[in-house]
Colleague: 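Mind having a look at this structure? Questions to follow.
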Number of protein chains: 2
Amino acid sequence: MAVKYKEIADELEKDIRDGKFDETKKLPTEEELIKKYEVSRNTIRKAVTQLVNRGLVYQVQGSGMFLREKSETDFINLGSLRGLTKDLTSKKIETKILALHVVEADEEIAKQLRCDTGTKLYYSKRLRLVENEPFSIEISYFKKDIVPYLNEDIASNSIYSYLIEDLKLNIGFADKVINCEKINEENADLLQVNPLDPALIIENTVCLTNGTIFELSKSLFHYQKAKILNRINFK
Amino acid sequence: MAVKYKEIADELEKDIRDGKFDETKKLPTEEELIKKYEVSRNTIRKAVTQLVNRGLVYQVQGSGMFLREKSETDFINLGSLRGLTKDLTSKKIETKILALHVVEADEEIAKQLRCDTGTKLYYSKRLRLVENEPFSIEISYFKKDIVPYLNEDIASNSIYSYLIEDLKLNIGFADKVINCEKINEENADLLQVNPLDPALIIENTVCLTNGTIFELSKSLFHYQKAKILNRINFK
DNA sequence: AAGTGGTCTAGACCACCGT
DNA sequence: CGGTGGTCTAGACCACTTC
């Protein structure tokens with residue numbers, strides 16, 4: 001880390017989650033935070049901006065910085081990097097690997113990944129279970145030159161933890177497209193719903209900080225169990 | 001406006017949309033923008049941060065500031081304040097008002113709006129048509145003390161334009177919950193789909209900058225016609 | 001090594017909220 | 001009016017990319 005404003009943001013986030021400001025529902029003033037952390041005002045403001053972007057805090061000019069109401073837990077957080085493992089912390093999550101191997105990009109995938117057809121990719125298909133019940137099906141393609149190695153052990157846990165902590169990938173931004181469809185027979189079977197029941201779908205295109213696309217994924221969620229939460233700030 | 005960094009952000013956004021940087025797919029360097037707009041570096045950086053948050057640009061340390069690929073048009077943009085009218089600019093949008101009147105908050109709504117039961121609210125139910133076909137059903141509750149007046153004429157166009165430009169409301173942040181359900185008979189009829197077909201749903205709780213909740217809405221989208229786009233930045 | 005973005009500081013002045 | 005956030009400046013130094 002070693003970056004002050006991020007460290008302060010993370011520490012404040014922890015304090016917020018620990019309920020340290022629950023009585024007042026307010027953060028200390030900028031002045032107080034400046035003294036506490038011994039940094040300049042801009043650094044405090046940058047840290048707080050992080051909290052605002054994370055949906056934890058809102059600022060009112062002339063009045064103070066307030067906690068947003070705690071969001072429902074157990075929702076899928078669109079803005080969070082890692083997937084289920086971090087979103088549904090209170091639940092038991094299991095992963096069943098349905099497929100994991102190297103493939104070559106066909107024309108369609110190559111176009112979406114902005115690479116040549118034939119480029120080597122990891123293909124994975126996983127069934128995620130929450131509290132022992134089928135929750136989602138996740139199909140992913142990773143560019144092999146960026147993710148050179150993947151195995152069942154890694155894919156059974158959080159792939160993203162591996163990408164970030166082990167491979168040290170710098171993940172920058174993503175496009176997410178959400179819609180819903182009638183589910184097909186094969187997937188209905190996996191999610192234990194009826195064919196033609198709805199499925200909530202997120203298609204995800206993920207880029208490194210330098211702009212390179214490295215992952216394409218499609219997740220199908222159980223329509224009765226999954227809800228997506230997104231906290232938005234205007235201004 | 002009168003705020004420099006927002007003005008610069010808006011001007012740059014316009015330039016981007018006008019294709020002014022399409023050849024290089026890069027913004028001018030910070031140095032060049034500082035000279036062009038005659039402001040300090042921090043002001044330029046704040047303006048660019050806006051563009052990053054809007055999903056238009058990404059920054060690469062040591063290299064430059066690059067345009068993100070143009071997103072599919074005709075998607076519902078989760079992050080945008082106004083609704084369909086701004087998202088699907090290329091399309092013909094019509095609104096049919098199914099209900100619009102003042103009601104008193106029942107227990108359930110009062111709880112969600114953090115107000116007393118019996119509080120006066122505007123209730124509206126609208127059918128939105130895109131290119132002459134049913135697209136979504138939008139049900140909204142507005143606190144009447146914050147939105148004192150609403151009529152069919154306003155609700156036929158963009159309610160949000162009215163709230164912002166006429167009522168000068170300062171809209172701050174929102175919680176959006178997305179899921180999908182089987183549609184009921186009445187709504188299936190309106191959207192011209194079959195009962196039990198899927199519906200994509202967004203439930204929205206909107207607050208002013210001072211933290212007051214003023215709107216609650218639920219939108220049901222035609223499952224084959226609606227896609228939601230969300231551009232996310234990590235870091 | 002030169003170019004370009006990222007972090008941090010110190011200080012000035014403005015705008016808004018509440019008493 | 002005092003307290004608190006919002007905008008803006010000017011300058012220093014660091015980190016990464018590119019050649």
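In what follows, chains are A, B, ... by sequence order, proteins preceding strands, each numbered from 1. Because the structure is predicted, anything quoted here is derived from the model rather than measured.
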Colleague: Rounded to whole angstrom units, what separation is found between the CD1 atom of Ile34(A) and the C1' atom of dT4(D)?
Modeller: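 Between C1' of dT4(D) and CD1 of Ile34(A): 11 Å.
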Colleague: Please report the closest heavy-atom contact between Ile154(A) and Asn151(A), naming both atoms and the distance.
Modeller: N-OD1, 2.8 Å
Colleague: Using whole Å, what does the distance between atom C1' of nucleotide dT4(C) and atom CD of Glu32(B) come to?
Modeller: 11 Å
Colleague: How long is the line joining OH of Tyr37(B) and P of dT7(D), in whole Å?
Modeller: 18 Å
Colleague: Does dC8(C) have OP1 or OP2 sitting under 4.0 Å from an N or O in the side chain of Tyr5(A)?
Modeller: no
Colleague: State, to 0.1 Å, how close Leu78(B) and Ile232(A) come at their nearest heavy-atom pair, and which atoms those are.
Modeller: O-CD1, 2.9 Å
Colleague: Can you name the nearest heavy-atom pair linking Val206(A) to Ala174(A), along with the distance?
Modeller: CA-CB, 4.1 Å
Colleague: With a cut-off of under 6.0 Å to the ring centre and 45° to the axis, is Lys143(A) in cation-pi contact with Phe214(A)?
Modeller: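 The answer is no, since Lys143(A) fails at least one limit relative to Phe214(A).
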Colleague: Protein within reach of the bases, or only the backbone? For nucleotides 9-19 of chain D, mark each nucleotide 5' to 3' as B, S or -, using heavy atoms under 4.0 Å.
Modeller: BB-B--BBBS-
Colleague: Please give me the minimum heavy-atom distance between Gly211(B) and Phe173(B), naming the atom from each residue.
Modeller: CA-CZ, 3.9 Å
Colleague: Output the rounded distance in Å from CG (Leu33(B)) to P (dG5(C)).
Modeller: 8 Å
Colleague: Answer yes or no on whether Lys25(A) is positioned over the face of Phe66(A), meaning its NZ or CZ is under 6.0 Å from the six-membered ring centre and within 45° of the axis.
Modeller: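 Geometry flag: not set, cation outside 6.0 Å or 45°.
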Colleague: If every non-hydrogen atom of Ala9(B) is compared with every non-hydrogen atom of Gln50(B), which pair is closest and at what distance?
Modeller: CB-CB, 3.8 Å
Colleague: In this structure, how many angstroms lie between the P atom of dC16(C) and the CD atom of Gln59(A), rounded?
Modeller: 16 Å
Colleague: Mind calculating the distance between NZ (Lys35(A)) and P (dT4(D)) to the nearest angstrom?
Modeller: 10 Å
Colleague: Compare side-chain N and O positions of Arg45(A) against OP1 and OP2 of dG6(D) and report whether any pair is under 4.0 Å apart.
Modeller: yes
Colleague: Within this structure, what is the NZ-to-C1' distance between Lys6(B) and dC8(D), rounded to whole angstrom?
Modeller: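 Computing the Lys6(B):NZ to dC8(D):C1' distance gives 14 Å.
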Colleague: Tell me: CD of Glu30(A) to C1' of dA15(C), nearest whole Å?
Modeller: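 Those two atoms, CD and C1', are 14 Å apart.
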Colleague: Can you tell me if the side-chain N/O atoms of Lys46(B) get under 4.0 Å from OP1 or OP2 in dC8(D)?
Modeller: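 No, Lys46(B) has no side-chain N/O under 4.0 Å of OP1/OP2 on dC8(D).
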